[in-house]
Amino acid sequence: MTAIPGGIDAERGPPLVVPLGHFVVGFGFLLAGSALGVAGAAGAHWGLSGLAHVHLLLIGWVCVTIMGAMTQFVPVWSGVDLHSRRLALAQLGLVATGLAGFGAALVAGALAWLPVAGGAMLVGFWVFAYNVARSLPPVRSLDVTERHFAQTLGYAVVVTALGLALAVDFVRPTLGAAGLVRTRIVAAHATLAAFGVILTTVIGALYQLATMFTQTDLDAVDQRLRRVEEWTYPVGVIALAVGRGTDAAAVGLAGAVLVLVGVLAFSAVLARTLSRTRVERTPMLSRYGVAALALPAWALATAPAWLAAPTDPAVVFGPPGVGHFLLAGVVGFVLLGTLYHVVPFVVWLRRYSDRVGLELVPMIDDLYDDRLAAVDFWLAFGGLGLLVAGDATGIGVAGLAGGVAATLGFGLFAANLVGVVLRHGPEALRIEVLAAEAAERDPDDGLR
């Protein structure tokens with residue numbers, strides 16, 4: 001069973017409602033996006049539902065979850081206070097409302113509303129970037145995870161600006177007048193979103209989480225591989241995005257090579273760390289194991305296409321079908337695994353941590369149903385395999401079956417963790433409110 005790892009200041013985290021609000025909203029977008037994907041595989045299309053499917057999953061589930069996790073764990077990991085709890089709640093409201101409107105406008109074909117919804121999302125992401133940036137320690141003292149998170153914040157500002165420009169261009173074409181080609185800007189936007197915002201966060205978090213929850217440290221070989229990743233990957237992401245945005249093949253090729261080298265270097269670190277684990281298998285580590293296999297598989301399968309045509313919009317995430325290795329096999333399974341610890345951890349911390357040693361309390365992993373966790377793992381894993389097979393062979397029924405299986409798996413995953421919140425969260429919230437009231441009456445009696 002998992003206990004609180006040492007070396008972190010758990011009491012630095014924001015109120016329970018902040019991270020859990022992000023995670024629960026993210027679950028809703030995950031199910032909505034998955035349902036749209038299944039409908040599309042079955043031949044049902046409404047407006048630009050395919051584009052809505054991508055945005056609901058990548059922004060609604062992945063990015064909203066990242067926002068909640070980073071808002072919770074930057075204070076915890078870095079031992080700092082969150083700059084503003086009000087801004088943390090505001091960012092969720094802005095992004096969630098904006099994305100819901102954005103998705104609805106795409107499905108309904110009401111494109112005139114895209115700039116309005118996109119503007120709300122931009123403000124929400126910029127509020128998030130400002131809040132976390134103000135919370136990070138001084139630049140000179142950032143560790144490897146914090147350095148990656150700082151890069152994520154910069155990418156988020158640029159990605160959302162490009163996204164709003166693309167939304168405006170849907171309604172009133174402006175990119176062409178500025179000498180820009182829409183398909184190239186879309187490719188740059190997608191590159192910075194997937195490899196900048198999302199994968200940079202995943203890599204940075206795994207440097208901390210993989211070692212923390214395997215109870216291992218990076219050895220000398222791992223440290224050299226880490227330096228390779230840190231020197232190649234960020235530069236590669238920027239070069240690849242610039243090359244695609246401007247159709248500069250040489251710049252794009254240099255970026256593609258650097259991204260692939262950085263990914264493979266980190267893949268080796270992750271695999272080596274998991275192979276040395278000193279703890280029993282948990283839902284988190286099982287899902288990290290899938291990511292450790294999927295990441296190098298994606299890189300090796302993508303390398304020929306990227307080296308041949310790095311700026312081709314058709315291979316932004318890799319050749320057809322291979323993108324599922326990255327977006328589902330790596331990003332998806334890392335989020336699934338991480339949330340299987342983070343949600344119970346946040347609830348357990350507020351409700352049970354101060355009772356340790358005074359009475360019998362459950363361990364963190366006791367809060368969820370491990371049988372449901374096993375079922376949702378195999379549904380998601382099998383669904384991913386069928387999705388990849390369907391794309392590779394052109395057999396539509398395989399993709400449909402994969403989408404259905406994955407959606408069922410995601411539904412069980414969400415139900416399992418929402419159950420944690422419903423069973424244990426209300427009391428944890430009550431304790432938190434009482435502690436806050438006590439702190440207002442007498443600051444010396446508040447949470448320490």
Side-chain angles (χ1 to χ4, degrees), residues 33 37 48-59 62-63 102 106 111 114-115 118 121-122 125 151-152 154-171 173-202 232-263 298-299 301-328 330-331 391:
L48 298 174
S49 57
L51 194 57
H53 160 70
V54 172
H55 282 81
L56 288 174
L57 290 180
L58 294 188
I59 297 177
V62 176
C63 289
F102 195 84
L106 288 172
L111 302 186
L114 293 181
M121 285 193 286
L122 178 142
F125 276 110
Q151 293 166 24
T152 294
Y155 291 132
V157 170
V158 177
V159 166
T160 49
L162 289 177
L164 182 59
L166 289 167
V168 171
D169 191 65
F170 255 129
V171 179
T174 55
L175 295 176
L180 301 173
V181 179
R182 180 179 177 84
T183 54
R184 295 175 186 170
I185 301 304
V186 169
H189 170 69
T191 299
L192 288 173
F195 300 100
V197 175
I198 295 173
L199 196 55
T200 296
T201 304
V202 167
T232 59
Y233 186 76
V235 177
V237 169
I238 295 170
L240 186 58
V242 170
R244 287 173 170 173
T246 61
D247 199 27
V251 176
L253 179 60
V257 171
L258 291 173
V259 167
L260 292 170
V261 169
V263 164
W298 169 83
T302 295
W306 274 18
L307 297 180
T311 60
D312 183 355
V315 295
V316 169
F317 304 128
V322 173
H324 282 117
F325 278 117
L326 178 70
L327 301 178
V330 179
V331 175
D391 283 342

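The distance from the CG atom of L51 to the CZ atom of F102 is 6.0 Å, given to the nearest 0.5 Å. Within the model, atoms CG of L166 and NE2 of H189 stand 6.0 Å from one another, a figure rounded to the nearest 0.5 Å.
Closest non-hydrogen pair, A239 versus G255, comes out as CB-CA, 3.6 Å. For the pair L192 and V158, the tightest heavy-atom approach, listed with the atom from each and the gap, is CD1-CG1, 3.8 Å. Across every non-hydrogen atom of G252 and T311, the tightest pair is CA-CG2, 4.4 Å.
A donor-acceptor pair under 3.5 Å is formed between the side chain of Y233 and the backbone N or O of F195.
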Report task. Decide yes or no on side-chain contact (heavy atoms from CB on, under 4.5 Å) for L111 and L48, but give the supporting numbers first. Result -> CA-CA 10 Å; L111 302 186; L48 298 174; 4.0 Å; yes
Requested in this report: For side-chain contact (heavy atoms from CB on, under 4.5 Å), just list the numbers for C63 and I198, CA-CA rounded to whole Å, side-chain angles, deciding distance to a tenth of an Å, and then say yes or no.
Outcome: CA-CA 7 Å; C63 289; I198 295 173; 4.2 Å; yes
Report task. I would like to know whether V181 and L175 meet side-chain contact (heavy atoms from CB on, under 4.5 Å); could you show each step before the answer? Result -> CA-CA 7 Å; V181 179; L175 295 176; over 6 Å; no
**Report entry** CA sep, side-chain torsions, deciding dist, call: V237, Y155, side-chain contact (heavy atoms from CB on, under 4.5 Å)
**Finding:** CA-CA 10 Å; V237 169; Y155 291 132; 3.8 Å; yes
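L253 is linked by a side-chain contact (heavy atoms from CB on, under 4.5 Å) to V257, L307, P310, counting only residues two or more places apart in sequence or in another chain. Listed by chain and number, the residues in a side chain to side chain donor-acceptor pair (under 3.5 Å) with D312 amount to none (sequence neighbours excluded). For L122, the side-chain contact (heavy atoms from CB on, under 4.5 Å) partners are W126, T160, L164, not counting sequence neighbours. Take H324 and apply the side chain to side chain donor-acceptor pair (under 3.5 Å) test, not counting sequence neighbours, and it matches D391. For T201, the side chain to side chain donor-acceptor pair (under 3.5 Å) partners are T152, not counting sequence neighbours. A search for side chain to side chain donor-acceptor pair (under 3.5 Å) contacts involving S49 returns nothing, not counting sequence neighbours. Every side-chain contact (heavy atoms from CB on, under 4.5 Å) that A193 has, sequence neighbours left out, goes to V159. Partners of L258 by side-chain contact (heavy atoms from CB on, under 4.5 Å), not counting sequence neighbours, listed by chain and number: T232, V235.
For residues 250-259, no pair satisfies salt bridge (Lys or Arg N to Asp or Glu O under 4.0 Å), with sequence neighbours left out. Identified under the salt bridge (Lys or Arg N to Asp or Glu O under 4.0 Å) test for residues 187-202, with sequence neighbours left out: none. For residues 233-248, the pairs satisfying salt bridge (Lys or Arg N to Asp or Glu O under 4.0 Å) are R184-D247, with sequence neighbours left out.
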List the atom pairs, donor and acceptor, that lie under 3.5 Å between side-chain atoms in residues 313-323 and the rest of the protein, sequence neighbours left out.
none

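The closest side-chain donor-acceptor pair between W306 and T302, if any, does not fall under 3.5 angstrom.
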